[in-house]
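As structure tokens, the structure follows; a few thoughts come after it.
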Amino acid sequence: MQVIAGLRSHEQEKAYQEKGITTAFVDLAGPQGQLVKVMQTVDVVVFAAGSGGKTGADATMMIDLDGAVKAINAAKETGVHRFIMISAIKSDDRSFWSDNTPAAGPQNYYYAAKYYADQWLLHSSLDYTILRPVALTNQKGTGKIKVANHFTDSIADMTITRQDVAQTIADIILTGKLHQKEFDIANGSVPIAQAITNFH
């Protein structure tokens, strides 16, 4: 499986290429046609982009929401069938960020962006998989996760390593599992391959 890393700056591209990683320049704030060009030889799109925690609502809406929508539309235009979205835990739970007095507070716009990007994907014709990870860490991967349609326990102390999220996505692609599925994901006690095989 060849992976192409879509990066937002040429400086990032240089750093990745020095490590032997194939890259493509992707400006999610730019025209959709640029994404169409990049996706011409792609079989699966993994949307892992985000404006970052230091930006405001404007950048979040243009990257996390509109950038995702443009990527979904570009995938449809180029005939890319499968689209894997990294969303956010609780983004699908309006009671958490929208309906009453939300615990999410001033970051409601982040959850709104994730929610509507997911909805755009769910209502597209693409073969989707949506992962809603709990708090991400940079620790070494454990190789073990837990997944559920929705976690019923408190998520306050739950985390998952970025490495384990990446490995889960790789296994989903290589095994052809979890088509038309959306789920919560955290580090747990079940090996990744077994967890995604057992999830229904």
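In what follows, residues are counted from 1 in the order of the sequence shown.
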Approximate separation, where rounding is to 0.5 Å, of Lys114 NZ and Ile86 CD1:
8.5 Å
Rounded at 0.5 Å granularity, tell me how far NE2 in His150 sits from NZ in Lys90.
8.5 Å
Residue pair Arg94, Tyr115: steps toward the side chain to side chain contact (heavy atoms under 4.5 Å, CB included) verdict
CA-CA 9 Å; Arg94 280 185 156 280; Tyr115 173 79; 3.8 Å; yes
Verify side chain to side chain contact (heavy atoms under 4.5 Å, CB included) between Met85 and Tyr128, making sure each step is shown before the conclusion.
CA-CA 8 Å; Met85 177 78 81; Tyr128 64 84; over 6 Å; no
If we only count heavy atoms from C-beta on, is the Gln12 to Thr23 side-chain gap below 4.5 Å?
no
I'd like to check Phe183 versus Leu131 (side-chain heavy atoms, cut-off strictly below 4.5 Å). Are they in contact?
yes
Please confirm whether the backbone N or O of Gly143 pairs with a side-chain atom of Asp164, one donor and one acceptor, at under 3.5 Å?
yes
Does Met62 reach the side chain of Ser51, with side-chain heavy atoms less than 4.5 Å apart?
no
As an exercise, state the distance from CG of Asp27 to CG of Leu7, rounded to the nearest 0.5 Å.
12.0 Å
Between Lys76 and Ser125, what is the shortest heavy-atom contact and its length?
CE-OG, 3.7 Å
Heavy atoms only: give me the nearest Val80-Val42 pair and the separation to one decimal.
CG2-O, 3.4 Å
Val190 side chain near Lys146 side chain, heavy-atom distance below 4.5 Å
no
According to a hydrophobic-cluster definition based on side-chain heavy atoms being under 4.5 Å apart (Ile, Leu, Val, Met, Phe, Trp, Tyr only), do Leu136 and Val134 belong together?
yes
Side-chain donor/acceptor of Lys70 to backbone N/O of Gly30, under 3.5 Å:
yes
Say you draw a straight line from CD of Gln40 to CG of Leu35; how long is it, rounded to the nearest 0.5 Å?
11.5 Å
Neighbour count >12 (heavy atoms, 6.0 Å) for atom CD, Gln139:
no
What is the minimum heavy-atom distance between Ala186 and Met158, and which atoms define it?
CB-SD, 4.2 Å
Flag the pair Lys177 / Phe199 as yes when at least one side-chain heavy-atom distance between them is below 4.5 Å, and no otherwise.
no
With distance as the sole test, does Asp66 use its side chain to make a donor-acceptor pair with the main-chain N or O of Ala29 at under 3.5 Å?
no
With the 4.5 Å side-chain cut-off for hydrophobic clustering, are Ile63 and Phe25 part of the same group?
no
Are the side chains of Val147 and Ile196 in touch, meaning some heavy atoms are under 4.5 Å apart?
no
From Trp120 CH2 over to Leu126 CG, what is the distance, rounded to the nearest 0.5 angstrom?
11.5 Å
Looking at every non-hydrogen atom in both residues, tell me the closest pair between Ala117 and Ala68 and how far apart they are.
CB-CB, 3.8 Å
Of all the heavy-atom pairs spanning Phe83 and Ala75, show the shortest one and how long it is.
CD1-CB, 4.0 Å
Can you tell me how far the CZ atom of Arg82 sits from the CG atom of Leu178, to the nearest 0.5 Å?
7.0 Å
N/O donor-acceptor pair under 3.5 Å between Asp184 side chain and Ile89 backbone
no
Heavy-atom count around Tyr16 OH within 6.0 Å, excluding the residue itself: above 12?
no
Under a 4.5 Å cut-off applied to non-hydrogen side-chain atoms, are Gln180 and Asp127 in contact?
yes
Looking only at the side chains, is there a donor atom on one of Glu77 and Asn73 sitting less than 3.5 Å from an acceptor on the other?
no
Take Asn138 and Arg162, measure what side chain to side chain contact (heavy atoms under 4.5 Å, CB included) needs, and give me the verdict at the end.
CA-CA 6 Å; Asn138 292 321; Arg162 287 178 168 83; 2.8 Å; yes
How about Asn198: does its CG atom have over 12 heavy atoms from other parts shown lying under 6.0 Å from it?
yes
Exactly one candidate in Ile72, Leu28, Ile84 meets side chain to side chain contact (heavy atoms under 4.5 Å, CB included) with Phe47; the answer is Leu28
Run the numbers on Ile130 and Asp92 for side chain to side chain contact (heavy atoms under 4.5 Å, CB included), then give the verdict.
CA-CA 11 Å; Ile130 300 174; Asp92 62 328; over 6 Å; no
Ser87 versus Arg132, closest heavy-atom pair with distance
CB-CG, 4.0 Å
Going by the angle between their ring planes, with limits at 30° and 60°, are Tyr116 and Trp97 parallel, tilted or perpendicular?
perpendicular
